[in-house]
Amino acid sequence: MAALIALCCMRAIGAGLAGQGPGGFGSGPGGFGGAGPGGLNGPGMPPAPKDYYKPYRYVQDWTADTLYVGPAFQYLGGPIRVTLKFTETSVPGKLYLINPATGQTYFLMSNTSPLGTMVDLTGTTSLKIGTEVVFMYVSNFDGVSRYTGASLPGSKYYNVLNSDLNNNPALRFGHRWSVAGYGTNRKIIEFGFEDGPETYSDMDFNDIVFQVEGLGLMIFQNSARKRDYVWSTPQ
C-alpha cells in the first residue's frame, strides 16, 4: 500500500512538473513551456508572461506606481512633449518617434543631452487622433533598434533581440525592451528602455528614461479569449 501511494504521488508530481496538469512545467494550461493558455511558448502569446515590472534598483528615479512591460502609445490630440528624465548608461544612444501610419521617423534626442531636455512635437508629426505611436531607441552598444510595444511575431516593429536568453531567469521579458506607466501627474507617462545584451543585461529598463505628454497608454491583454491592446486608465 505504501508503495502504491508513493507511486501515485510521483505520478501527480510528474504531471505538474511535466505540464500535464494546470500550472505544469510543460504543455498544460499555464505551463512554463506550454502551448495552453498562459504557456510561455503558447501560440500567439507574447514571448514572456511578465506583464508588470517592479524596479529593483534606482527606485527613486521612477514616480510611476505601476510599470507595464511592452506597452504601446496612442495619440490623444494636442501637444506632444517628450522630456529626458534620467539615464544610467554610459553608452550613447538616440530616441526616435515613429508614425506607423506614414512610416515617418522623427529624431528626438540622445541620452547625452542634458537632463530635462524637452522636445515639443506639436504640429510637426501630422499624427491623427487615435494613431498608435512607436518610440525607437538605438544604442551605440549594438546599433540594434529597440521598439515600444508588445513585439509580437509578425508585427512591423518587432524587437529581434530576445531577453529570454538572459542567464538570469528572473530577468527574462521576451522580445520586449521597454516599460511604461503613469507618473504622479496622471497626464504624464514615464517610459524607459533597456540597452544591454541578450544574455547578461540587468534588465532594469532605466538606461534611458523619458516622460511624455499628449499620449495615452495601451497595455497588451494576453488571455485565452483575447490578445489585444486595452486602455490603461490612470487611477
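Side chains are part of it too, since the values below use all heavy atoms of this structure and drop only hydrogens, waters and symmetry mates.
In this structure, CD1 in Ile208 is found 12.5 Å from OG in Ser178, a value given to the nearest 0.5 Å. Note: Thr63 OG1 to Gln211 CD = 6.0 Å, rounded to the nearest 0.5 Å. Distance check: Trp177 CH2 to Leu161 CG gives 5.5 Å after rounding to the nearest 0.5 Å. The line from CE of Met136 to OH of Tyr106 is 13.0 Å long, rounded to the nearest 0.5 Å. Atom CD in Gln104 sits 8.5 Å away from atom CG in Leu127 (nearest 0.5 Å). From Leu95, atom CG reaches atom OG of Ser113 across 10.0 Å, with rounding to the nearest 0.5 Å.
The shortest distance between side-chain heavy atoms of Ser163 and Leu171 does not fall below 4.5 Å. Contact of the Pro197 side chain with the Phe141 side chain is registered, since non-hydrogen atoms from C-beta on lie closer than 4.5 Å. You'll find the side chain of Leu121 reaches within 4.5 Å of the side chain of Leu108, heavy atoms only. Put simply, the side chain of Tyr75 reaches to within 4.5 Å of the side chain of Leu215, judged on heavy atoms. When side chains are defined from C-beta on, Asn111 counts as touching Pro92, because their heavy atoms get closer than 4.5 Å.
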Requested in this report: Show your working on side chain to side chain contact (heavy atoms under 4.5 Å, CB included) between Glu194 and Asp202 and close with a plain yes or no.
Outcome: CA-CA 8 Å; Glu194 176 58 43; Asp202 56 17; 3.1 Å; yes

Report task. Quick one: do Lys187 and Tyr182 satisfy side chain to side chain contact (heavy atoms under 4.5 Å, CB included)? Show the steps, please. Result -> CA-CA 7 Å; Lys187 295 182 179 180; Tyr182 288 100; over 6 Å; no

Query raised in the report: Does the pair Asn99 and Thr131 meet the rule for a side chain to side chain contact (heavy atoms under 4.5 Å, CB included), with working shown?
Result: CA-CA 8 Å; Asn99 180 351; Thr131 300; 3.6 Å; yes

Query raised in the report: When you look at Val69 and Asp51, which way does the side chain to side chain contact (heavy atoms under 4.5 Å, CB included) test go after all the steps?
Result: CA-CA 5 Å; Val69 181; Asp51 294 321; 5.8 Å; no

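Ionic pairing of Asp195 and Arg146 is not present here: no N-O contact between side-chain nitrogen and carboxylate oxygen is shorter than 4.0 angstrom. Under the 4.0 Å criterion applied to side-chain N and carboxylate O atoms, Arg57 and Glu88 are assigned as salt-bridge partners.
The nearest pair of heavy atoms linking Ile98 to Pro100 is O-CD, 3.1 Å. Ile189 and Ala180 get closest at one heavy-atom pair: CG2-CB, 4.1 Å. Between Asp207 and Thr87, the shortest heavy-atom contact is O-OG1, 2.8 Å. Heavy atoms only, all atoms of each residue included: Met109 and Leu84 are closest at SD-CB, 3.4 Å. Pairing each heavy atom of Ala150 with each of Arg176, the nearest pair is O-CG, 3.4 Å. The two residues Trp62 and Asp204 make their nearest non-hydrogen contact at CZ2-O, 4.5 Å.
Linking ILVMFWY side-chain heavy atoms closer than 4.5 Å, directly or via other members, places Val138 and Tyr147 in a single hydrophobic cluster. Note: the hydrophobic cluster containing Tyr52 also contains Ile219 (ILVMFWY, side chain heavy atoms under 4.5 Å, direct or indirect links). Criterion: ILVMFWY side-chain heavy atoms under 4.5 Å apart, direct or through other members. Under it, Leu115 and Phe210 are part of a common hydrophobic cluster. In terms of hydrophobic clustering, with Ile, Leu, Val, Met, Phe, Trp and Tyr side chains grouped at heavy-atom distances under 4.5 Å, Val134 and Ile129 are assigned to different clusters. Placement of Tyr200 and Tyr56 in two distinct hydrophobic clusters is found when ILVMFWY residues are connected by side-chain heavy-atom separations under 4.5 Å, directly or transitively.
For the ring-ring contact (aromatic ring centres under 6.0 Å, His included) test with Phe193, the passing option among Tyr137, Tyr96, Phe86 is Tyr137; the others fail.
Judged by distance alone, the side chain of Asn159 and the main-chain N or O of His175 form a donor-acceptor pair under 3.5 Å. Of the possible polar contacts, one joining the Asn167 side chain to the Thr199 backbone as a donor-acceptor pair under 3.5 Å is found.
Aromatic ring centroids of Tyr53 and Tyr68 lie 6.0 Å or more apart.
Within the structure, the salt bridge (charged side-chain N to carboxylate O under 4.0 Å, His left out) test picks out the following pairs touching residues 74-86 (sequence neighbours left out): Arg81-Asp120, Lys85-Glu190. Among pairs with a residue in residues 97-106, none fulfils salt bridge (charged side-chain N to carboxylate O under 4.0 Å, His left out), at least two apart in sequence or across chains.
Partners of Phe135 under the ring pair (Phe, Tyr, Trp, His ring centres under 6.0 Å) rule, at least two apart in sequence or in another chain, are Phe73, Phe191.
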